[in-house]
Amino acid sequence: EVQLVESGGGSVQTGTSLTLSCTGSGFSFDDHGIGWFRQVPGEEREGLASIESDGTTYYEDDLEGRFTISSDHAKSTAYLRIESLKFEDTGVYYCAAEPEPGLAAIRPFDRSSYSYWGQGVQVSVSS
């Protein structure tokens, strides 16, 4: 059974940094890309960043270079580091795994490219 578990969220202050983790089981990071998404109340879940199994990364254009996605295959864990946190970074962050190699590379920010999802982790940014 494929499982993804996010961690590292919480209440943080503006201007600080945060690293979210996504630990997977039931599949190999050597074969499946991972995406990070964010959802705020009343809005659709939006794709932020994606990393292929070979380490190729993709970022949404409006992230201003503050987000970094990475993965450690040996630990079956992907990360999303967010620098200089802003109020608008508040939301529930989800990681997701693609169902087959290379699918997410075609549409890395499309939810339909991923079949397996974590339960999400809340990030709340305040002053």
Side-chain angles (χ1 to χ4, degrees):
E1 179 186 7
V2 173
Q3 288 189 330
L4 295 165
V5 179
E6 301 95 339
S7 61
S11 297
V12 294
Q13 291 188 322
T14 55
T16 61
S17 300
L18 185 72
T19 298
L20 304 177
S21 299
C22 169
T23 300
S25 60
F27 71 100
S28 173
F29 277 56
D30 291 340
D31 299 321
H32 296 269
I34 301 293
W36 279 98
F37 290 73
R38 177 177 62 207
Q39 189 166 23
V40 298
E43 297 185 13
E44 291 189 355
R45 194 171 300 184
E46 62 172 337
L48 301 172
S50 177
I51 185 166
E52 293 187 54
S53 56
D54 67 358
T56 302
T57 57
Y58 306 91
Y59 295 95
E60 266 291 10
D61 291 340
D62 59 355
L63 296 185
E64 304 172 320
R66 298 187 297 114
F67 290 63
T68 303
I69 189 172
S70 61
S71 65
D72 184 334
H73 292 195
K75 295 182 178 180
S76 294
T77 300
Y79 306 93
L80 183 69
R81 181 160 179 83
I82 312 171
E83 308 278 357
S84 302
L85 281 153
K86 302 179 178 182
F87 294 119
E88 51 265 42
D89 294 324
T90 294
V92 179
Y93 285 73
Y94 297 88
C95 66
E98 61 181 1
E100 58 185 66
L103 184 63
I106 301 173
R107 288 182 293 273
F109 312 120
D110 192 324
R111 288 175 294 170
S112 65
S113 296
Y114 304 88
S115 292
Y116 309 106
W117 292 84
Q119 81 288 349
V121 62
Q122 176 72 44
V123 174
S124 300
V125 185
S126 61
S127 58

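All values below were derived from every heavy atom in this structure, side-chain atoms included, with hydrogens, water molecules and symmetry-related copies excluded. The residues of the chain are indexed from 1 along the displayed sequence.
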Please give me the minimum heavy-atom distance between Val92 and Gly120, naming the atom from each residue.
CG1-CA, 3.8 Å
Could you give the distance from CH2 (Trp36) to CG (Leu63), rounded to the nearest 0.5 Å?
13.5 Å
Going by the angle between their ring planes, with limits at 30° and 60°, are Tyr116 and Phe27 parallel, tilted or perpendicular?
parallel
For the atom pair CD (Gln13) and OG (Ser126), what is the distance rounded to the nearest 0.5 Å?
6.5 Å
Check: Gly8 main-chain N/O paired with Ser21 side-chain donor or acceptor under 3.5 Å:
no
Residues Glu64 and Lys86 bridged, charged N to O under 4.0 Å
yes
What distance do Phe67 atom CZ and Ser84 atom OG have between them, rounded to the nearest 0.5 Å?
10.5 Å
Could you tell me whether a side-chain N or O of Thr90 sits under 3.5 Å from a main-chain N or O of Val125, the two making a donor and an acceptor?
yes
Please examine the side chains of Cys22 and Leu4, heavy atoms only from C-beta on, and report whether any two atoms are closer than 4.5 Å.
yes
So, taking the atom named CD in Gln3 and the one named OG in Ser76, what distance separates them when rounded to the nearest 0.5 Å?
12.5 Å
Quick one: OG1 on Thr16 to CG on Leu85, what's the gap to the nearest 0.5 Å?
4.5 Å
Is there a path from Leu80 to Ile34 through hydrophobic residues (I, L, V, M, F, W, Y) whose side chains come within less than 4.5 Å of each other?
yes
is_close_aromatic(Trp117, Phe37), centroid dist under 6.0 Å:
yes
Sidechain N-carboxylate O distance under 4.0 Å for Arg66, Glu83:
no
At their closest point, which heavy atom of Ala104 faces which heavy atom of Glu98, and how far apart are they?
N-OE1, 2.7 Å
Keeping Glu6 on the side-chain end and Val121 on the backbone end, is there a donor-acceptor pair under 3.5 Å?
no
Glu88 atom CD, neighbour heavy-atom count above 12 within 6.0 Å:
yes
Starting from Phe29, can I reach Tyr79 by hopping between I/L/V/M/F/W/Y residues whose side chains sit under 4.5 Å apart?
no
Under the side chain to side chain donor-acceptor pair (under 3.5 Å) test against Ser50, which residue among Tyr59, Tyr114, Tyr58 passes?
Tyr114
Measuring from atom CD1 of Ile69 to atom CG of Leu48, what distance do you get when rounded to the nearest 0.5 angstrom?
9.0 Å
Can you hop from Ile82 to Tyr94 via hydrophobic side chains spaced under 4.5 Å?
no
